[in-house]
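Taking it in order: structure first as structure tokens, then the write-up.
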Amino acid sequence: MTERYNIKETEKKWRDVWTERKCFEVTEDTSKPKSYVLAMLPYPSGRIHVGHVRNYTLSDVVARYKKAKGFNVLNPMGWDALGLPAENAAMERGTHPKDWTYDNIAQMKSQLLSMGLAIDWSREVATCDPDYYKHEQKMFIDFYKKGLAYQKESVVNWDPVEDTVLANEQVVDGKGWRSGAPVERRKMYQWFFKITEYADDLLKGIEGLDRWPDKVRTMQHNWIGKSTGMNASFPINGTDETLDIYTTRPDTFYGASFFAMAADHPLSKKLAGEKEGFEDFIQECQSVGTSEEAIEKADKLGFDTGYTVTNPFTGEELPLFIANFILMDYGTGAIFGCPAHDARDHEFAKKYDLKIVQVVESPEDTPDIQDEPYIGPGKIMNSEEFNGMEVEEAKTAVIKALEAKDMGKGATVYRLRDWGVSRQRYWGCPVPMIHCEDCGIVPVPEKDLPVELPYDTNYDEPGNPLDRHPTWKNVDCPECGKAARRETDTCDTFFESSWYFLRYLDPKNEDRGFSDEKSGYWMPVDQYIGGVEHAVLHLLYSRFFTRALKACGYEVPDEPFAGLFTQGMVTHATFEDKEGNWCFPADVEQRDGSWVKVSDGSSVKRGAITKMSKSKKNVVDPEDILDTYGADAARLFILSDSPPERDLEWTEGGIEGAWRFINKLHRAITDTVFDLPAAGTAQPSDFSDAAKKLRSLTHQSIVGVAEDIDAFHMNKAVARIRELANALTGFKTNNDADKWALREGYEALICLINPMMPHLAEEIWETLGHTQILADTPWPAHDESLLANDTVTIGVQVNGKVRATITMAADASKDDYEKVAMEQDGVQKALEGKSVKKMIVVPGRIVNVVAG
RNA sequence: GCGGCUGUGGCGGAAUGGUAGACGCUGUGGACUUAAAAUCCAUUGUCCUUUGGACGUGGGGGUUCAAGUCCCCCCAGCCGCACCA
């Protein structure tokens with residue numbers, strides 16, 4: 001008996017070998033093609049979760065595979081180490097955010113190390129390190145000088161109890177998540193990055209991202225939200241004011257029946273502020289919750305200002321409303337309403353009894369315009385000189401007409417807003433600016449960077465610890481030397497993650513964030529892998545960043561990520577005990593087909609399979625898994641079955657199945673190796689049919705697994721590997737040539753599993769008598785002549801139904817196929833009483849006898 | 001509401017228009033064992049009384065010698081955005 005595979009010892013052994021030999025540390029090497037494989041950097045929460053394991057397994061498979069394929073592979077790792085949770089921990093447990101963060105990094109790193117990832121740890125980066133954010137501050141200043149960073153007043157969520165600004169996700173039903181106090185909207189000066197400057201470029205760039213999922217491209221496309229239409233200005237009758245409106249439907253001007261502006265439009269208060277009921281109306285508009293549901297259900301509300309605006313085409317005086325469904329921060333914050341051809345305007349007109357005039361003819365039968373608006377294309381009607389035009393044609397014509405009267409102009413509007421980066425927080429990158437009474441905003445001189453976070457802070461009181469720090473914010477103005485004040489805002493943590501992939505390239509560079517030379521060699525990222533939750537913000541900000549950095553003289557491509565893969569979530573069944581409490585899967589087991597608690601045997605209900613979450617306790621701890629089954633089993637299970645882009649259901653059965661496979665393989669080879677020819681034995685000249693078949697499968701697998709990995713079909717690659725393994729372990733050798741073929745198959749198999757189960761692969765590779773480690777061994781070469789089988793087995797159909805299966809020589813002629821097919825009993829039987837009308841023969845595929 | 005994705009055995013999932021269900025999980029039967037675990041072998045879409053046959057890829061139409069795959073119309077589920085003029 002062979003001894004059992006000792007997972008712990010073996011896995012540790014190979015990790016040590018890789019580390020000692022610095023197998024995955026890389027430098028720029030122009031003799032090889034490069035491949036930059038990148039996994040989204042984790043937030044150091046302290047413990048890895050299964051989602052991390054899936055993410056890094058995927059990137060590791062790609063990295064190891066690409067290395068075997070001859071690429072110079074960069075696969076780095078770092079920590080997205082700034083952000084709110086550290087401050088929350090500080091408040092809850094009295095630890096310092098910095099200490100908490102570095103402790104967490106140490107813990108998580110040791111967990112990641114036990115996964116056996118092919119990472120170049122010499123490039124590790126923590127974004128909370130002043131050596132990191134120093135360069136970020138330099139970039140901030142570069143942006144500022146280019147006009148890409150600026151300050152403006154904007155509305156924030158203010159928690160009056162905590163005395164602090166809340167992020168949107170910290171506002172739950174209009175209340176602070178911690179204090180429960182109603183959130184106020186307060187105006188503050190905040191820093192912004194001018195991402196809108198690149199709106200069109202970011203939109204156009206999406207077209208070129210052909211190795212991104214369509215889903216993500218669509219989401220970014222919608223997020224940028226380009227629309228074309230026109231701005232127009234009309235005098236408000238009886239005042240000196242002008243109403244600026246934006247519309248995408250200038251073709252419907254003849255159908256206008258009202259004008260409307262946002263509640264927070266400056267003219268609203270100015271024109272109607274004194275009117276009775278105005279304040280109440282504004283109150284009502286603001287009290288409507290911000291939740292999606294509330295908005296959906298919200299009634300269209302309007303407040304008649306009593307003023308009118310004249311329709312430039314009909315000369316009609318139309319009422320000017322203040323309406324709750326008009327958004328101040330889109331377009332101009334004012335519109336004209338055409339109820340016949342806009343759902344919202346229609347609803348509004350119904351409610352306030354405004355007329356509904358059809359100006360676009362529907363080419364099909366559509367409901368009466370008084371009942372339902374018509375949004376589609378058609379010919380213009382009721383519109384004098386524009387009658388008979390198609391909608392698109394009329395848009396252009398109306399814009400032209402208004403431009404001629406100097407009343408408006410064609411315009412393009414984006415949904416995308418500038419990126420607000422100010423956070424009134426401690427644990428973030430300080431904005432490197434100084435406020436001087438005389439000189440205004442002055443950037444911190446480069447020699448004074450980094451602006452480091454002070455360590456001596458406390459969290460006993462609410463508010464921003466930087467703002468109430470006794471000395472930190474007091475500085476002299478770099479320009480005039482007078483006493484001045486440091487900016488106490490810190491940056492949104494999306495700032496750090498917008499360029500970390502560049503820092504990995506040159507992590508020790510003290511002078512610059514990264515050198516042009518290194519960026520020129522490594523960029524763009526060839527394969528980026530992470531969760532779809534970052535489909536918009538992180539990925540869009542990063543795309544903005546490369547453009548902005550380029551504008552500031554850094555050498556970077558426009559698009560940072562040439563290839564993107566978004567993995568699915570990891571799910572698990574939920575368990576609920578009799579009291580209705582959630583139970584951890586680890587505390588539950590199946591006895592005689594029903595689920596019970598391990599502790600007391602009481603019955604437990606197995607509920608829905610949902611995304612793993614702490615609140616439902618349907619989580620498994622990767623550390624337990626790695627400890628019990630080892631890294632290879634965890635990796636294999638994650639890659640098996642579910643396609644990586646879909647959700648993966650974590651099951652005990654699944655992980656055990658993976659573990660079994662590993663043991664089976666190890667056993668099979670260690671039990672056979674003594675009987676195989678030595679490594680490197682010359683190929684025999686002749687093989688038995690069975691050996692030929694086995695060799696075909698071996699070489700087909702070499703090609704197939706490579707194709708699967710290239711296409712991210714890891715589950716199919718695993719299936720192929722199992723198929724080959726089954727063939728090999730079931731193969732009976734009768735002579736030396738058979739044994740040679742078996743060794744060839746095993747060696748190939750081990751190379752194929754290496755990206756997925758690297759520890760096991762190295763161990764068996766050594767057992768097979770190799771001295772060069774697998775991490776340095778190239779992907780096996782395949783023999784083209786062995787890819788095709790000597791024979792093919794295909795179906796024979798009669799009228800499209802399979803009636804027999806035939807096995808033919810690979811080079812059989814159409815006549816051969818026809819002849820053999822017709823000899824089949826099943827075919828003859830199906831043809832009884834019928835005459836053959838036609839024979840379809842596709843060699844190697846199908847024979848179909850058409851009979852009637 | 002708009003946009004996108006997905007529907008295939010008990011389950012996860014395979015199938016360049018060409019033998020539907022690869023590979024795995026589960027279940028069942030058996031071998032080994034005093035017994036169990038582990039392991040190995042067989043079997044596992046549904047229905048019909050069988051040799052064998054019929055039916056089967058969310059539903060309904062269509063194209064084709066041939067449709068899970070292509071086209072049209074529905075239905076369900078998931079995700080994103082959401083009063084964006």
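Below, chains carry the letters A, B, ... as their sequence lines are ordered, and counting in each starts from 1.
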[X] [atom1] to [N] [atom2], straight-line distance once rounded to whole Å:
X	N	atom1	atom2	answer
Asp647(A)	G77(B)	CG	P	17 Å
Ile662(A)	A38(B)	CD1	P	17 Å
Glu656(A)	A37(B)	CD	P	13 Å
Lys838(A)	U64(B)	NZ	C1'	9 Å
Glu707(A)	A14(B)	CD	P	16 Å
Asn799(A)	C65(B)	CG	C1'	8 Å
Met219(A)	G4(B)	CE	P	14 Å
Asn848(A)	C65(B)	CG	C1'	5 Å

_Residue pair Asp345(A) / Gly337(A): nearest heavy atoms and the distance that separates them_ = OD2-CA, 3.3 Å

*Heavy atoms only: give me the nearest Gly745(A)-Leu724(A) pair and the separation to one decimal.*
O-CD2, 4.4 Å

[X] vs [N]: side-chain N/O to OP1/OP2 distance below 4.0 Å:
X	N	result
Arg646(A)	G7(B)	yes
Arg217(A)	G80(B)	no
Asn663(A)	U39(B)	no
Asn324(A)	C83(B)	no

Please determine, for the side chain of [X], which listed nucleotide ([options]) has the closest atom?
X	options	answer
Ile326(A)	G3(B), C23(B), A85(B)	A85(B)
Pro643(A)	G4(B), U19(B), G13(B)	G13(B)
Lys801(A)	C55(B), A85(B), G13(B)	C55(B)
Phe325(A)	C83(B), G3(B), U19(B)	C83(B)
Trp223(A)	G24(B), C81(B), C83(B)	C81(B)
Ile846(A)	A82(B), C23(B), G18(B)	G18(B)

Counting only Watson-Crick pairs (N1-N3 plus N6-O4 or O6-N4) and G-U wobbles (N1-O2, O6-N3), all under 3.5 Å, who is the partner of [N]?
N	result
G3(B)	C79(B)
A22(B)	none
C32(B)	none
A15(B)	none
U64(B)	none
U50(B)	none

*In terms of base orientation, is G17(B) syn or anti, with the syn window spanning 90° either side of 0?*
anti

*Tell whether Lys215(A) reaches the base of C79(B) with its side chain through a donor-acceptor pair below 3.5 angstrom.*
no

*Among Val847(A), Thr793(A), Val820(A), which residue meets the side-chain contact (heavy atoms from CB on, under 4.5 Å) test with Met808(A)?*
Val820(A)

*RNA chain B: 5'-proximal contact among Trp659(A) and Val847(A) (nearest heavy atom)*: Val847(A)

*asked:* Can you confirm if the NZ or CZ of Lys300(A) lies within 45° of the ring axis of Phe348(A) and under 6.0 Å from the centre of its six-membered ring?
replied: no

*Answer yes or no for Arg722(A) and Phe661(A): cation-pi contact, defined as NZ/CZ to six-membered ring centre under 6.0 Å and angle to ring axis within 45°.*
yes

_Trp419(A) and Phe494(A) aromatic centres sub-6.0 Å_ = no

*May I ask you to decide whether Lys395(A) forms a salt bridge with Glu392(A), counting only side-chain N to carboxylate O separations under 4.0 Å?*
yes

Select base, sugar-phosphate, or nothing to describe what [X] touches, counting heavy atoms under 4.0 Å on all strands.
X	answer
Thr805(A)	base
Leu648(A)	nothing
Lys664(A)	sugar-phosphate

